[in-house]
Amino acid sequence: MKIGLDIMGGDFAPEANVSGAILANKELPQDTRIVLFGDQDVVREKLVELGGNPDDFEIVHAPDVITMHDHPTRAIPQKPNSTISKGFDLLASGEIQAFASTGNTGAMLVGAIYKVNAVPGIIRPCITSTIPNIRGGNSLILDVGANADCKPDVLYQFAILGSLYAREVYGIENPKVGLLNIGEEETKGNLLTQSAYKLMQGSTDFNFAGNIEGRDIFTGKVDVIVCDGFTGNVVLKQAEGLFGLMQKRGMRDEYFDRFNYENYGGTPILGVNSNVIIGHGISNDIAVKNMLLHSYDVTKSKLTDKIKEAIN
């Protein structure tokens, strides 16, 4: 297995990414190779500076960078020698089996959809996030930002994607799927959630547990929480803000410590033809390491193949 990493993505590039790659290389199986995308001189220099061996990695020369200020749709074709563009070129050709970046999320979404394409039958690829629950496990929420506006059939597919992800990567047998709403009753909500409920009710594609409310998000009542990307992003940012507020006030709690983004590293784009992992822009070396380890887990699970089987 070869896992590609964008060395120039994120706020603390290239140091955090190179250091994270060195840490991950120590934990990944010996037959797994990390491929670093960036200016080859800079990458080699940083590897040596941070105590890594350049011979332990493959380096693909990509001297350009798609910044957070670049327009995602235009940046991919306008910067063919950028780390993200080069990464998707090798992913599309099968030379690497996964590609991870903490850089421009929009460019990663565009690259995933236009370079490796959506799985046939998928209406909208989406991104998910991990929510620690008080039972000691994790729940998944999707979408968290890729699709601000959705239709009921899109939410139905999110339920399929989230259920497969929870089962194949996190090992949750028959995961419970909940539809995020303003009430538990099936008649509650807006036109989107009311219509989605009718589609999901009685489905044999996943284990639908009905509507859940905002107060249920952290309880572990369900394993997969389905919502549109606008709502999901608000929930995710609220959780991040609460964790940050507790840190600033010097409050420590075993449960809330699990909200630290470092623990999860990154999340895959679900519904595309290969393994694309997106990390947080503020990722440090520990987060990058965990993003690469999660990339390995997602790839090893053959999640993409199982999504193709389920959809078709």
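In this chain, residues are counted from 1 in sequence order. What you see is a predicted model, and the numbers here were worked out from it, not measured in a lab.
Checking side-chain atoms of Asn273 against main-chain N and O of Val116 turns up a donor-acceptor pair under 3.5 Å. No side-chain donor-acceptor contact under 3.5 Å links Ser139 to the backbone of Val224. When atom types are taken as modelled, the side chain of Ser195 and the backbone of Leu192 share no donor-acceptor pair closer than 3.5 angstrom. Without hydrogens or angle criteria, Thr102 side chain to Gly9 main chain gives a donor-acceptor distance under 3.5 Å. No donor-acceptor pair closer than 3.5 Å links the side chain of Asp223 to the backbone N or O of Pro175. Using modelled atom types, one side-chain atom of Thr193 and one backbone atom of Asn190 make a donor-acceptor pair closer than 3.5 Å. A donor-acceptor pair under 3.5 Å links the side-chain atoms of Ser85 to the main chain of Lys79, judged by distance alone. Between the side chain of Arg135 and the backbone N or O of Thr219 there is at least one donor-acceptor pair closer than 3.5 Å. In this structure a side-chain-to-backbone donor-acceptor pair under 3.5 Å is present from Arg258 to Gly137. A donor-acceptor pair under 3.5 Å is formed between the side chain of Asn275 and the backbone N or O of Gln97.
More than 12 heavy atoms of other residues, nucleotides or ligands sit less than 6.0 Å from atom NZ of Lys115. Within 6.0 Å of NZ on Lys300 lie no more than 12 heavy atoms contributed by other residues, nucleotides or ligands. Surrounding CG of Asp149 are at most 12 heavy atoms belonging to other residues, nucleotides or ligands under 6.0 Å away. Annotation: Leu191, atom CG; neighbour count of heavy atoms from other residues, nucleotides and ligands within 6.0 Å does not exceed 12. The environment of CD in Glu95 is crowded: more than 12 heavy-atom neighbours from other residues, nucleotides or ligands sit within 6.0 Å. Around the OH atom of Tyr255, the shell of radius 6.0 Å holds more than 12 heavy atoms that belong to other residues, nucleotides or ligands. With a 6.0 Å radius and a threshold of 12 heavy atoms from other residues, nucleotides or ligands, Lys306 has its NZ atom above the threshold.
How far CZ of Phe218 is from CG of Asn133: 10.5 Å, rounded to the nearest 0.5 Å. Considering CG of Asp56 and CD1 of Ile22, their distance stands at 9.0 Å, rounded to 0.5 Å. The structure places CG of Asn53 at 4.5 Å from CG of Asp55, a figure rounded to the nearest 0.5 Å. Summarising the geometry, atom CE belonging to Met251 is positioned 4.5 Å from atom CE belonging to Met246; distances are rounded to the nearest 0.5 Å. Rounded to the nearest 0.5 angstrom, Cys126 SG and Gln157 CD are separated by 9.0 Å. To the nearest 0.5 Å, atoms CG (Leu47) and CZ (Phe57) are separated by 5.5 Å.
Lys176 and Ala209 make their closest contact through CB-CB, 4.3 Å (heavy atoms, listed as atom of the first residue, atom of the second, distance). In terms of heavy-atom proximity, Ile277 sits nearest to Ser295 at CG1-OG, 3.1 Å. Taking each heavy atom of Ser129 and Leu236 in turn, the nearest pair found is OG-CD1, 3.2 Å.
Residues Ile122 and Leu161 are in side-chain contact: their nearest non-hydrogen atoms beyond the backbone lie under 4.5 Å apart. Side-chain contact between Val222 and Val177: absent, with no pair of heavy atoms (C-beta onward) separated by less than 4.5 Å. Contact check for Asp39 versus Val65: no side-chain heavy atoms found under the 4.5 Å cut-off. Using a 4.5 Å heavy-atom threshold, the side chains of Asp143 and Thr128 count as separate. Counting heavy atoms from C-beta on, the side chains of Ile141 and Cys227 come closer than 4.5 Å. Counting only heavy atoms from C-beta outward, the side chains of Glu213 and Ile182 never approach each other to under 4.5 Å. Between Met200 and Leu155, the closest side-chain pair of non-hydrogen atoms falls below 4.5 Å. Ile127 places none of its side-chain heavy atoms less than 4.5 Å from the side chain of Leu270.
Judged as a ring-ring contact (aromatic ring centres under 6.0 Å, His included), and not counting sequence neighbours, Phe158 has no contacts. Listed by chain and residue number, nothing satisfies the ring-ring contact (aromatic ring centres under 6.0 Å, His included) test with Phe12 (two or more places apart in sequence, or in another chain). Every ring-ring contact (aromatic ring centres under 6.0 Å, His included) that Phe256 has, sequence neighbours left out, goes to Phe259. Residues satisfying the ring-ring contact (aromatic ring centres under 6.0 Å, His included) criterion with Tyr156, sequence neighbours excluded, are Phe206.
Relative ring orientation between Tyr170 and His294 is described as tilted, the plane-to-plane angle lying within the 30° to 60° band.
At a threshold of 4.0 Å, the pair Glu49-Lys46 counts as salt-bridged, since one of the basic side-chain nitrogens sits closer than that to a carboxylate oxygen. Looking at Glu58 and Lys2, a side-chain N of the basic residue comes within less than 4.0 Å of a carboxylate O on the acidic one, giving a salt bridge. Comment: Lys221 engages Glu184 in a salt bridge, judged by a side-chain N to carboxylate O separation of less than 4.0 angstrom.
Linking ILVMFWY side-chain heavy atoms closer than 4.5 Å, directly or via other members, places Leu91 and Tyr296 in two distinct hydrophobic clusters. In this structure, Val235 is not a member of the same hydrophobic cluster as Val226, with clusters built from ILVMFWY side-chain heavy atoms closer than 4.5 Å. Leu5 and Val42 are assigned to two separate hydrophobic clusters, defined by single-linkage of ILVMFWY side chains at heavy-atom distances under 4.5 Å. Both Val43 and Ile3 are part of a single hydrophobic cluster, where members link through side-chain heavy atoms under 4.5 Å apart. Note: the hydrophobic cluster containing Leu292 also contains Leu50 (ILVMFWY, side chain heavy atoms under 4.5 Å, direct or indirect links).
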Exercise for review: For side chain to side chain contact (heavy atoms under 4.5 Å, CB included), just list the numbers for Thr130 and Thr267, CA-CA rounded to whole Å, side-chain angles, deciding distance to a tenth of an Å, and then say yes or no.
Suggested key: CA-CA 8 Å; Thr130 303; Thr267 182; over 6 Å; no
Review point. Given Ile212 and Ile225, is the side chain to side chain contact (heavy atoms under 4.5 Å, CB included) satisfied, shown in steps?
Key: CA-CA 8 Å; Ile212 68 161; Ile225 302 164; 3.8 Å; yes
Point to revise | Trace of the side chain to side chain contact (heavy atoms under 4.5 Å, CB included) decision for Leu140 with Ile131 | key: CA-CA 6 Å; Leu140 301 172; Ile131 299 288; over 6 Å; no
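Looking at Tyr165 and Ser301, their side chains never bring a donor and an acceptor atom within 3.5 Å of each other. Side-chain contact, Asp6 with Thr83: a donor N or O sits under 3.5 Å from an acceptor N or O.
Among residue pairs with one or both ends in residues 195-210, none qualify as salt bridge (charged side-chain N to carboxylate O under 4.0 Å, His left out); sequence neighbours excluded. Within the structure, no pair that satisfies the salt bridge (charged side-chain N to carboxylate O under 4.0 Å, His left out) test touches residues 272-286, not counting sequence neighbours.
Considering Lys289, Glu262, Glu15 as possible partners of Asn284, the one that fulfils the side chain to side chain donor-acceptor pair (under 3.5 Å) test is Glu262. Residue Tyr197 forms a side-chain contact (heavy atoms from CB on, under 4.5 Å) with just one option from Asn211, Asn181, Thr187, and that option is Asn211.
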